[in-house]
Amino acid sequence: MTDERADEMPDETDGETPDDDPEQTERASGPRAHKPVVVVVEPETPGNIGTIARAMKNFGLYDLKLVNPPELHRDGEAYGFAGHAREDVLPNAETVTFEDVVQNYHTVGFTGITNESSYSHDRFPFKTPVELKEDLKTVDTKTALVFGREGKGLSNDELAQLDEVASIPADSRYPILNLGQAATVVLYELRDLTVEETQLPDVEHARADEPEIDRLYDYFAEFLDASHFPEHQRDRSELMFRRLFGRAHPTDREVKTLLGLFRRANEQLREREDLLDELGRTDRWNH
């Protein structure tokens, strides 16, 4: 956003939290106070509008703005593709002008075609959605994610009026995504800024207690011994086993399951050895 446009905007900085305030720091690591709005410029297919509305609701966004959209009927394709977003996101979509968006938001335009050098700045420099997420983490401002037409996207003239350019990395032989797909990918990548809680359990899980994991290492060593694993390979095998579980971070349930499995295997191997001794037979695996 240029300084001229910023001068026209209402001053929203009065009483703003200082940079070193704990609340400001905490806010930088979670959903924004100002969630991005999604803008679609001259969409041609109602179904894509519905798909975008659905993706918005999936990832915690509800403010959809449309520039010169087609007519959307309640029993039409847009509402059919919108899922539960037909209840709020889609019926509350606002028709706006491109100029309104440029004047009132920090804008990010999305394009599948980018310049590969700095000689032209219409589509360069650009960010990937992941890079954009990291950038927006530190800035809490009114942001508009601007998507273009299905056929030709955003024009160079339109991109020149936007503050930033972003693009989704894709196969160079066919980098152009469907409009609805592109918006879905972007909103997914930005979810840390827009979604307070997901349906998934915590990504981090509790690693089993180390004494239990040490018991598993002991059981594995007993297994090597009971199975008459070659002596000169045991130290390396035990180390590999330890490194494997060091990377895997097994849960308590997983370790208990493996403890039970190795205990049964070790008991059966010992019993087998005792039976062979009683029968006076040689263990063919021990040669």
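Here the structure is a predicted model, which is why all the values come from computation and not from measurement. We use all heavy atoms of the structure for the numbers below, so side chains are in, but hydrogens, waters and symmetry mates are not.
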Show which side-chain atoms of residues 39-61 pair as donor or acceptor with protein atoms under 3.5 Å away, not counting sequence neighbours.
unit_1: E42; atom_1: OE1; unit_2: R149; atom_2: NE; d: 2.8
unit_1: E42; atom_1: OE1; unit_2: R149; atom_2: NH2; d: 3.3
unit_1: T45; atom_1: OG1; unit_2: E150; atom_2: OE2; d: 3.3
unit_1: N48; atom_1: ND2; unit_2: E150; atom_2: OE2; d: 3.2
unit_1: T51; atom_1: OG1; unit_2: G47; atom_2: O; d: 3.0
unit_1: K57; atom_1: NZ; unit_2: H84; atom_2: O; d: 3.4
unit_1: K57; atom_1: NZ; unit_2: D88; atom_2: OD2; d: 2.9

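- Taking OG from S227 and CD from E273, the interatomic distance works out to 10.5 Å, rounded to the nearest 0.5 Å.
- For D214, there are no side chain to side chain donor-acceptor pair (under 3.5 Å) partners, not counting sequence neighbours.
- Residues L154 and T111 form no side-chain contact, since every pair of their non-hydrogen atoms from C-beta on lies 4.5 Å or further apart.
- In the hydrophobic clustering of ILVMFWY residues, with side-chain heavy atoms under 4.5 Å counting as a link, Y217 and F223 come out together.
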For this session: Start with the C-alpha distance between E158 and V146, add both sets of side-chain angles, then the distance that settles side chain to side chain contact (heavy atoms under 4.5 Å, CB included), and finish with yes or no.
Result: CA-CA 10 Å; E158 288 166 339; V146 184; over 6 Å; no
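- Atom OH of Y188 sits in a sparse spot, with 12 or fewer heavy atoms from other residues, nucleotides or ligands closer than 6.0 Å.
- R264 places no side-chain N or O within 3.5 Å of a backbone atom of L261 that could act as its donor or acceptor partner.
- The shortest distance between side-chain heavy atoms of Y105 and P36 does not fall below 4.5 Å.
- At least one side-chain heavy atom of D225 sits under 4.5 Å from a side-chain heavy atom of R234.
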For this session: Apply the test side chain to side chain contact (heavy atoms under 4.5 Å, CB included) to residues Y62 and N92: give CA-CA distance (whole Å), side-chain angles for both, the deciding distance (0.1 Å), then the verdict.
Result: CA-CA 8 Å; Y62 292 85; N92 292 326; over 6 Å; no
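- Side-chain contact between D157 and Q161 is present, with heavy atoms from C-beta onward closer than 4.5 Å.
- Cluster annotation: V165 is connected to V67 through the hydrophobic network of ILVMFWY side chains, with a link wherever side-chain heavy atoms come within less than 4.5 Å.
- Partners of Y219 by ring-ring contact (aromatic ring centres under 6.0 Å, His included), not counting sequence neighbours: none found.
- Side-chain contact between D63 and K35: absent, with no pair of heavy atoms (C-beta onward) separated by less than 4.5 Å.
- Hydrophobic clustering (side-chain heavy atoms under 4.5 Å, transitive across Ile, Leu, Val, Met, Phe, Trp, Tyr) keeps L239 apart from I213.
- In this structure, L187 and L145 have side chains that are in contact, with non-hydrogen atoms separated by less than 4.5 Å.
- In this structure, the separation between CG on L72 and OG1 on T95 is 8.0 Å, given to the nearest 0.5 Å.
- For V101 against A144, the heavy-atom pair with the smallest separation is CG1-CB, 3.9 Å.
- When all heavy atoms of H249 and G246 are compared, the pair lying nearest together is CE1-O, 3.4 Å.
- Within the model, atoms CG of L224 and CG of N266 stand 9.0 Å from one another, a figure rounded to the nearest 0.5 Å.
- A search for ring-ring contact (aromatic ring centres under 6.0 Å, His included) contacts involving F245 returns F241, not counting sequence neighbours.
- No continuous path of ILVMFWY side-chain contacts below 4.5 Å connects F110 to Y174, so the two sit in separate hydrophobic clusters.
- Every residue two or more places apart in sequence or in another chain was checked for a salt bridge (Lys or Arg N to Asp or Glu O under 4.0 Å) with R242, and none qualifies.
- Residues passing the side chain to side chain donor-acceptor pair (under 3.5 Å) test with R173 are D171, sequence neighbours excluded.
- Within the model, atoms CG of L244 and CE of M240 stand 8.5 Å from one another, a figure rounded to the nearest 0.5 Å.
- Using a 4.5 Å heavy-atom threshold, the side chains of V108 and L162 count as separate.
- Residues passing the salt bridge (Lys or Arg N to Asp or Glu O under 4.0 Å) test with E134 are K137, sequence neighbours excluded.
- The heavy-atom pair separating E222 from R270 by the smallest distance is O-NH2, 3.8 Å.
- Note that NE2 of H106 and CG of L136 are 6.0 Å apart. Values are rounded to the nearest 0.5 Å.
- Judged as a salt bridge (charged side-chain N to carboxylate O under 4.0 Å, His left out), not a single pair has a partner in residues 70-79 (not counting sequence neighbours).
- Applying the side-chain contact (heavy atoms from CB on, under 4.5 Å) rule to P169 yields the partners T128, P129; only residues at least two apart in sequence or on another chain are considered.
- Once rounded to the nearest 0.5 Å, the distance linking NZ of K256 with CZ of R215 reads 7.5 Å.
- Applying the side chain to side chain donor-acceptor pair (under 3.5 Å) rule to S237 yields no partners; only residues at least two apart in sequence or on another chain are considered.
- Partners of D100 under the side chain to side chain donor-acceptor pair (under 3.5 Å) rule, at least two apart in sequence or in another chain, are T97.
- For D209 (side chain) and P211 (main-chain N/O), no donor-acceptor pair under 3.5 Å exists by modelled atom type.
- Within a 6.0 Å sphere centred on CD of E210, other residues, nucleotides and ligands contribute more than 12 heavy atoms.
- The nearest pair of heavy atoms linking G148 to L179 is O-CD1, 3.5 Å.
- The hydrophobic clustering, which links ILVMFWY residues whose side-chain heavy atoms are closer than 4.5 Å, places V89 and L66 together.
- Scanning for side-chain contact (heavy atoms from CB on, under 4.5 Å) contacts around E267 gives R263, with sequence neighbours left out.
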